[in-house]
Amino acid sequence: MTNLDSGPLVGIPVRPWRRSARRAEVGGVCSGLARRLGVTERVVRFIWSASILVAGAGLVVYVLAWIFLPRSGENDSIAQRLRVHRRESKTVAAVSVTLTVILSLSPRASAGVKEVIWCCLISALGVGVALRHASTAERVRLADLSDHLPFLSAKRGWPALFGRVVPGVALLVIGLQLLAHVQGLWAGTVPVLIGTGVALVGGAVILAPWWLTTVRDLTDERRERIRAEERAVLAAHVHDSVLQTLTVIERAAADRPDILSLVREESRELRDWLFHPHQEEDGTSSTLSRLLRELQDSMESEYGCRIDVVTVGDLPSNPSVVALAQATRELTLNAARWSGASVIHIFSEVEESSVTVCVRDDGRGFDVTADVGDGLRHSVIHRVERLGGTVTMTSAPGEGTDVCLSVPR
Amino acid sequence: MTQPRVFLVDDHELVRFGIRSAIEDAVDIVGEADEVDAAIELILERVPDVVLLDVHIPHGGGRAILHAVRSATESVRFLALSVSDSPDDVISTVRAGARGYVTKSISGGELVDAIYRVQAGDAVFSPRLAGFVLDAFARTGEESLVPLDDDLDQLTTRERETLRLIARGYPYRDVAVSMGISVKTVESHVSSVLRKLQLSNRHQLSVWAADRDLR
């Protein structure tokens with residue numbers, strides 16, 4: 001489906017003219033044509049914009065193309081979709097035929113501005129049809145577009161819209177009318193200046209809020225960026241000085257468990273703040289890796305042994321994740337109390353269909369065939385089996401202990 | 001076996017002191033530096049076997065040293081040392097050419113082991129680095145559209161298994177026993193992972209590296 005948008009296809013000598021879905025500004029007609037002709041979009045858009053100045057003809061052709069060309073990746077054009085609705089399509093046909101007849105019969109003498117107005121009417125009708133029958137995907141895009149349009153944005157209230165747009169459009173039209181009359185007479189520069197001035201003021205009145213919002217957005221963005229940069233500098237400094245020093249202290253205080261646990265707690269908090277700053281902000285949403293880190297925190301400060309946590313992939317918390325974390329806590333507690341090991345390794349891996357957590361120490365170990373106590377059996381094995389998972393326990397006296405818990409996701 | 005000649009780069013005197021006292025009995029420390037330019041000059045002058053490199057040196061960081069030295073000579077090997085927990089730092093340093101990465105909380109004996117291993121041309125993966133690599137090479141749905149270079153962008157089942165055991169904190173010797181292979185084979189798996197880590201264009205790796213280049 002998206003192939004039509006992504007360059008020439010082998011075996012298709014003539015690419016169909018379709019409206020572009022991804023590179024569209026409004027309906028995707030221009031970028032679609034650019035792709036069809038193999039030229040840059042800018043050229044097509046420029047020529048098309050220029051053709052609109054010829055009494056609005058380009059506008060009508062654009063809207064017709066919008067309605068009759070299928071969008072890239074879709075089977076039906078808007079016109080084809082409209083045909084399904086019998087009554088509506090008849091109405092649309094009748095109105096457009098009437099408009100065209102009136103336009104073509106109108107005397108050429110008073111042409112000019114008048115034709116522009118007719119073109120606008122026909123286009124407005126076409127745009128209405130296009131909006132009513134566009135596909136859902138295209139409608140989403142158009143809604144997004146309208147949020148960023150100068151004066152259509154739905155975020156600002158209707159009163160403000162009318163208070164600004166109506167006078168603005170009125171000024172614009174009056175200015176253009178003045179210019180049009182002057183053109184016919186070619187009399188002096190003063191009326192030209194007045195006409196241009198009035199039209200410009202009208203344009204400014206319409207566009208001012210949009211321009212102001214853009215400027216404000218830019219300022220906000222810049223402020224946000226400066227804040228982020230300052231934070232990065234501060235983080236780098238803390239990282240390079242305080243954390244390094246804490247590591248040295250940790251090394252030097254090897255025989256002082258109280259200082260050791262204090263230092264570890266401090267450096268862990270700093271690390272969390274430096275490398276996982278968003279976790280504090282979103283508060284409630286817990287994940288497996290976060291639960292394991294909390295487990296590491298409480299165990300290290302309580303038992304003074306080092307706990308090394310490595311997580312691969314992550315998973316938002318759910319009842320089975322919580323149960324898995326509790327079983328892991330029991331295992332770690334066991335290792336910290338009884339194994340005598342200085343380091344306990346916790347490893348978690350989230351795979352497509354299962355989650356595995358392993359707890360390992362190289363402490364004194366035990367005989368798995370004989371020594372599995374009731375505590376371990378209830379708190380770990382039964383808990384994991386209730387989740388439909390498996391427990392693999394490897395240990396022997398003097399060989400360390402390795403327990404792997406695996407549960408389906 | 002003669003002691004490996006080791007060069008120490010870290011901008012904190014206390015850290016250098018700590019490392020030196022932990023390893024000086026087992027290795028030959030030929031010099032120290034605390035900033036980028038001096039480090040490059042002294043390393044090129046003394047050509048040590050292994051450089052212990054702090055990733056977070058001011059004015060360009062460890063990667064500036066890596067680039068400068070490695071463009072001049074291939075005979076110096078680097079082992080990165082850091083307190084950082086962020087995958088960006090780890091991955092980008094290893095991609096810049098370090099043969100391994102260990103955290104500063106490593107014990108003296110383990111560090112000496114790692115130095116000997118790097119001197120012998122092997123790769124040193126701490127559990128954390130193994131975890132990061134598993135993460136980076138995880139099979140994810142979003143990347144299935146991008147054609148993957150079979151050799152460089154994927155890990156073999158054996159390599160994945162090796163990394164998993166390392167991430168679980170097993171020393172190489174126990175990894176070998178548990179997989180029923182020799183330590184040499186474990187080392188060759190790890191070296192092959194290192195090669196992929198350095199050469200692969202895998203999306204996540206490139207993103208990690210690119211993010212750091214912006215700084």
Side-chain angles (χ1 to χ4, degrees), chain A residues 2 229 232-233 235-252 254 260 263-264 267-268 270-272 274-276 289 293 306-314 341-352 356-362 394 399-400 402-404, chain B residues 10-19 21-22 54-58 61 81-90 103-108 110-111 125-141 145 160 163-171 174 177-178 211 214-215:
Chain A
T2 49
E229 273 167 14
V233 169
H237 177 71
V238 171
H239 180 272
D240 290 355
S241 55
V242 183
L243 263 184
Q244 304 269 5
T245 313
L246 281 174
T247 317
V248 175
I249 297 176
E250 186 182 340
R251 215 171 247 293
L260 210 56
V263 167
R264 280 185 187 144
S267 72
R268 201 170 37 243
L270 264 178
R271 257 175 245 267
D272 273 351
L274 286 177
F275 300 117
H276 310 282
S289 69
R293 231 196 316 277
R306 204 177 96 210
I307 294 178
D308 202 358
V309 178
V310 174
T311 55
V312 175
D314 210 350
S342 57
V343 187
I344 299 167
H345 295 272
I346 299 178
F347 169 78
S348 77
E349 185 173 15
V350 178
E351 286 169 295
E352 265 166 46
T356 307
V357 178
C358 298
V359 180
R360 193 188 78 86
D361 67 73
D362 49 5
T394 322
E399 301 246 312
D402 188 355
V403 184
C404 278
Chain B
D10 199 307
D11 58 327
H12 289 82
E13 204 191 331
L14 274 173
V15 177
R16 286 203 310 276
F17 173 78
I19 295 174
S21 56
D54 179 22
V55 178
H56 301 278
I57 304 282
L81 201 60
S82 162
V83 295
S84 173
D85 269 357
S86 117
D88 307 359
D89 298 335
V90 184
T103 44
K104 282 184 181 167
S105 54
I106 191 175
S107 75
E110 287 170 328
L111 183 56
F125 277 25
S126 58
R128 197 172 300 281
L129 176 54
F132 288 151
V133 176
L134 278 174
D135 231 355
F137 281 91
R139 300 190 200 91
T140 55
L145 292 173
R160 206 174 281 276
L163 283 183
R164 215 170 263 144
L165 288 169
I166 292 173
R168 280 164 64 180
Y170 281 105
D174 294 357
V177 171
S178 148
D211 282 353
L214 291 178
R215 288 262 181 98

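Naming: A, B, ... by sequence-line order, numbering from 1 per chain.
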Query raised in the report: What part of B/Leu163 gets closer than 4.5 Å to chain A, counting heavy atoms only: side chain, backbone, both or neither?
Result: neither
Report summary line: Counting heavy-atom pairs under 4.5 angstrom with chain B, the leader among A/Val343, A/Asp402, A/Ile344, A/Asp361 is A/Asp402
Report task. Considering only NZ, NE, NH1 and NH2 on the basic side and carboxylate oxygens on the acidic side, decide whether A/Glu351 and B/Arg160 come within less than 4.0 Å. Result -> no
Query - Contacting moiety of B/Phe17, where chain A heavy atoms sit under 4.5 Å - result: neither
Requested in this report: Just give me the residue among B/Ile19, B/Asp11, B/Leu14 that pairs up with chain A most often, heavy atom to heavy atom, under 4.5 Å.
Outcome: B/Leu14
Report summary line: Okay, A/Thr356 and chain B: the region with an atom under 4.5 Å from a heavy atom over there is neither
Report summary line: So CG of B/Leu81 and OG1 of A/Thr247: to nearest 0.5 Å the spacing works out to 9.5 Å
Query raised in the report: Say you draw a straight line from CG of B/Asp135 to OG1 of A/Thr311; how long is it, rounded to the nearest 0.5 Å?
Result: 7.0 Å
Query raised in the report: Given a strict heavy-atom distance threshold of 4.5 Å, which part of A/Glu229 is in contact with chain B: side chain, backbone, both, or neither?
Result: neither
Query raised in the report: Contact part of A/Val309 toward chain B, heavy-atom cut-off under 4.5 Å: side chain, backbone, both or neither?
Result: backbone
Query raised in the report: Is a side-chain N or O of B/Arg168 found less than 3.5 angstrom from the main chain of A/Arg360, in a donor-acceptor match?
Result: no
Query raised in the report: Are B/Arg164 and A/Cys358 side-chain neighbours, meaning at least one heavy-atom pair lies under 4.5 Å?
Result: no
Requested in this report: For B/Gly131 and A/Val312, work out which heavy atoms get closest and say how close.
Outcome: O-CG2, 3.6 Å
Requested in this report: Give, as side chain, backbone, both or neither, the part of B/Ala22 having an atom under 4.5 angstrom from any heavy atom of chain A.
Outcome: side chain
